[in-house]
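Below you'll find the structure, written out as structure tokens, and then a few comments.
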Amino acid sequence: MSDLYFKSTRGSNEKVQSSQAIVNGIAEDGGLYIPEFLPKIGKPLSYLKEMNYDELAFHIMKKFFTDFEDLVLQECIKKAYDSKFGDPAIVPLIEKGGAYFLELYHGPTLAFKDMALSILPHLLRAACIKIDIDEEIVILTATSGDTGKAALEGFSDVEGTKIVVFYPRDGVSQIQERQMITQEGSNTYAIAIEGNFDDAQKGVKEIFNDKNFNKILRNNNYIFSSANSINIGRLVPQIVYYIYSYLNLSKLGKISKNERINIVVPTGNFGNILAAYYAKKMGLPVNKLICASNENNVLYDFINTGIYDKKRKLKATSSPSMDILVSSNLERLLYDLCENDTGVVKSLIEKLNKRGEYRITPNMKHKLKDFYGGFATDNEVSETIRDVYKSFNYLIDPHTAVAYNVYQKYIRDTKDTTKTIIASTASPFKFPNSVMKAVDDKFSNYDDFALLEKIAKISNCSIPKSLKDIDKRKILHNTVCKREDMKSIISRILKI
């Protein structure tokens, strides 16, 4: 197998192998790492469907992480997808309401972020050993809710690392915040910022790109890396579960050989749907990628008009992990749409930063034909949760409800009967207030913690161990800061 190198979306001449890209997190010019080419799946799907999750993960990841020794990569995978996942299938497929819900939330923090953040710490440690890094790695992450807890959990007490997570103080659910502020681990730090997710993400990017601050870090034996989906070590593991779900449909006799499917993904930062797009480009038979937005519908507008415009007020919705106006991973798609012209990507990002918007060319817009964009309002999300529960006795969280609502609109618009997988990205237990109010107004006056028992009762499921008595756990992180103070908070944590 020939080595695969990674380069920046913005034109730097830097070319690195996967271990260096994972450690760096972001390219030296501020761009995102992309592979020089997208490898193909490589083996017939009929052969791959006999593989278990670990075996398939190795087959796919090895195509990207070519500089990792086979045994090292296999050990990383084995440590990631073990008994911490509450379902032996890792990502079970549930057929309801004319679609297949891909339950990506059976990991330790009950969200799809566990699928990548369970393996990233192991990949990072292996990469550091491989390229002889002696500095302590400081994982710097912005979160709209789920990445933060999954990253804190994944990196807790991992040797040679510290992890600092910034989250919007009033932009996450009670459960999400409590998961972060009660996180144990001598190397973990959860910081609330006065602002929204875009403020947190912008602050983190500015710190990554601050050459003077990074020099100070190196002089004190630290280097930054990222656990956000801008890190290629986060993105690649997400490709696996889309291929795995297709293989399971085939194995169950639900689709015929090489039959195409649709994939619906509720997305804000565009990483999860980009992984599905990469799976398609690798050879997975996919008809349409359905991009589902909430009322912060900047991606819906982009797909339908070719104009990306962040000049709008960010709305706080019942699906907070998607409350995002600057979708970082879209930069990787732009690179693809303009036929790898890094000058075009750099120009578009500069326009976004300076003017708050950009417009892609008609040719680039034409290449968006792989995607359908739709969005759901908060009222529609509530109606969808209630309808799915009453019709199919199946409880879904608000983000999954966004996806199913948009899927229903897609069917009405296109009359397409292609079999469809819906990425179910979080457990309903993570958003008890929104879920139970949607099911019945009588639950409106309960707090999130009291509602956990109600969800358990109507869903015939036990409260997940990770949430049991979470309201009684000791609060370990209570720092709040403004965006402009993020750097000084890091300096204080690192004592530099």
Side-chain angles (χ1 to χ4, degrees), residues 41 45 48-61 76-97 99-120 122 146-147 149-150 153-154 229 234-255 261-267 271-280 282 284-286 289-290 292 321 394-397 399-400 403-404 407 419-430 459 461 464 466:
I41 290 174
L45 296 175
L48 295 178
K49 72 181 182 181
E50 300 307 319
M51 292 182 172
N52 63 28
Y53 196 87
D54 283 17
E55 291 166 340
L56 181 68
F58 175 74
H59 176 75
I60 298 302
M61 291 188 207
C76 289
I77 291 167
K78 181 181 177 183
K79 288 176 179 176
Y81 306 113
D82 58 11
S83 59
K84 72 173 77 66
F85 283 84
D87 191 295
I90 308 295
V91 285
L93 268 175
I94 307 296
E95 186 176 0
K96 297 284 181 182
Y100 298 89
F101 288 83
L102 178 62
E103 293 185 346
L104 298 170
Y105 54 75
H106 290 281
T109 76
L110 310 179
F112 82 97
K113 308 294 175 77
D114 288 324
M115 297 305 301
L117 284 166
S118 289
I119 191 169
L120 181 60
H122 304 296
D146 287 334
T147 288
K149 171 59 180 176
E153 181 77 22
S229 55
R234 264 280 308 273
L235 184 61
V236 169
Q238 293 178 265
I239 298 170
V240 177
Y241 50 70
Y242 290 114
I243 298 174
Y244 190 68
S245 63
Y246 182 92
L247 298 175
N248 274 346
L249 283 181
S250 176
K251 201 170 183 177
L252 293 168
K254 301 295 184 179
I255 53 175
I261 61 167
N262 295 329
I263 299 175
V264 190
V265 186
T267 190
N272 203 12
I273 196 166
L274 183 72
Y277 175 72
Y278 278 4
K280 177 176 181 176
M282 292 177 73
L284 192 68
V286 175
L289 296 160
I290 300 170
S321 297
Y394 186 60
L395 213 52
I396 57 176
D397 90 295
H399 304 78
T400 308
Y404 190 69
Y407 170 58
K419 295 184 180 76
T420 298
I421 287 172
I422 292 176
S424 185
T425 54
S427 165
F429 281 100
K430 289 203 79 165
S459 64
C461 296
S466 62

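Residues: numbered from 1 along the sequence shown.
The closest side-chain heavy-atom distance from M51 to F58 is not below 4.5 Å. Residues L45 and S250 form no side-chain contact, since every pair of their non-hydrogen atoms from C-beta on lies 4.5 Å or further apart. Within the 4.5 Å cutoff, side-chain heavy atoms of Y246 are placed close to those of I255. Contact check for K430 versus D146: side-chain heavy atoms found under the 4.5 Å cut-off.
Among all heavy-atom pairs drawn from S229 and L235, the shortest one is O-CB, 4.3 Å. Scanning both residues, I119 and C76, for their nearest heavy atoms gives CG1-O, 3.9 Å. Across A116 and R234, no two heavy atoms sit closer than the pair CB-O, 3.2 Å. The shortest heavy-atom contact between I261 and I421 is CD1-CD1, 3.7 Å. Across all non-hydrogen atoms, the minimal contact from V264 to T420 is CG2-CG2, 3.5 Å. L117 and T147 get closest at one heavy-atom pair: CD1-O, 3.7 Å.
Scored by the side-chain hydrogen bond (donor to acceptor under 3.5 Å, both in side chains) test, E103 finds Y105, H106, Y394 as partners (sequence neighbours excluded). Evaluation of the side-chain contact (heavy atoms from CB on, under 4.5 Å) rule for D82 yields K84 as partners, not counting sequence neighbours.
The only option from M115, H59, M61 that meets the side chain to side chain contact (heavy atoms under 4.5 Å, CB included) definition with V240 turns out to be M61.
Within a 6.0 Å sphere centred on NZ of K251, heavy atoms belonging to other residues, nucleotides or ligands number more than 12.
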* **Test log, rule side chain to side chain contact (heavy atoms under 4.5 Å, CB included), inputs V236 and Y278** => CA-CA 9 Å; V236 169; Y278 278 4; over 6 Å; no
* Starting from the C-alpha separation in whole Å, work towards a yes-or-no answer on side chain to side chain contact (heavy atoms under 4.5 Å, CB included) for L93 and Y244. => CA-CA 10 Å; L93 268 175; Y244 190 68; over 6 Å; no
* Asked: Yes or no on side chain to side chain contact (heavy atoms under 4.5 Å, CB included) for Y242 and K280, after CA distance, side-chain angles and deciding distance?
  -> CA-CA 9 Å; Y242 290 114; K280 177 176 181 176; over 6 Å; no
* **Audit row: I90, Y241, side chain to side chain contact (heavy atoms under 4.5 Å, CB included) steps and yes/no** => CA-CA 9 Å; I90 308 295; Y241 50 70; over 6 Å; no
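Between the CD1 atom of I60 and the CD1 atom of I243 there is a distance of 3.5 Å, given to the nearest 0.5 Å. Of the inter-residue distances, the one linking K149 atom NZ with L110 atom CG reads 9.5 Å to the nearest 0.5 angstrom. Distance CD/E95 to NZ/K419: 9.5 Å, rounded to 0.5 Å. Atoms CG and CD1, from D54 and I77 in turn, are 6.5 Å apart once rounded to the nearest 0.5 Å. Interatomic distance, I273 CD1 to L289 CG, rounded to the nearest 0.5 Å: 5.5 Å. Here the straight-line distance linking atom NZ of K113 with atom CG of L104 works out to 11.5 Å at 0.5 Å rounding.
With hydrogens and angles disregarded, a donor-acceptor distance shorter than 3.5 Å links the side chain of Y404 to the backbone of G97.
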Hey, can you pull the donor-acceptor pairs under 3.5 Å for the side chains in residues 422-429, sequence neighbours left out?
residue : atom : partner : partner atom : Å
S424    : OG   : T400    : OG1          : 3.1
S427    : OG   : F429    : N            : 3.0

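Judged by distance alone, the side chains of Y53 and N248 never bring a donor and an acceptor atom under 3.5 Å apart.
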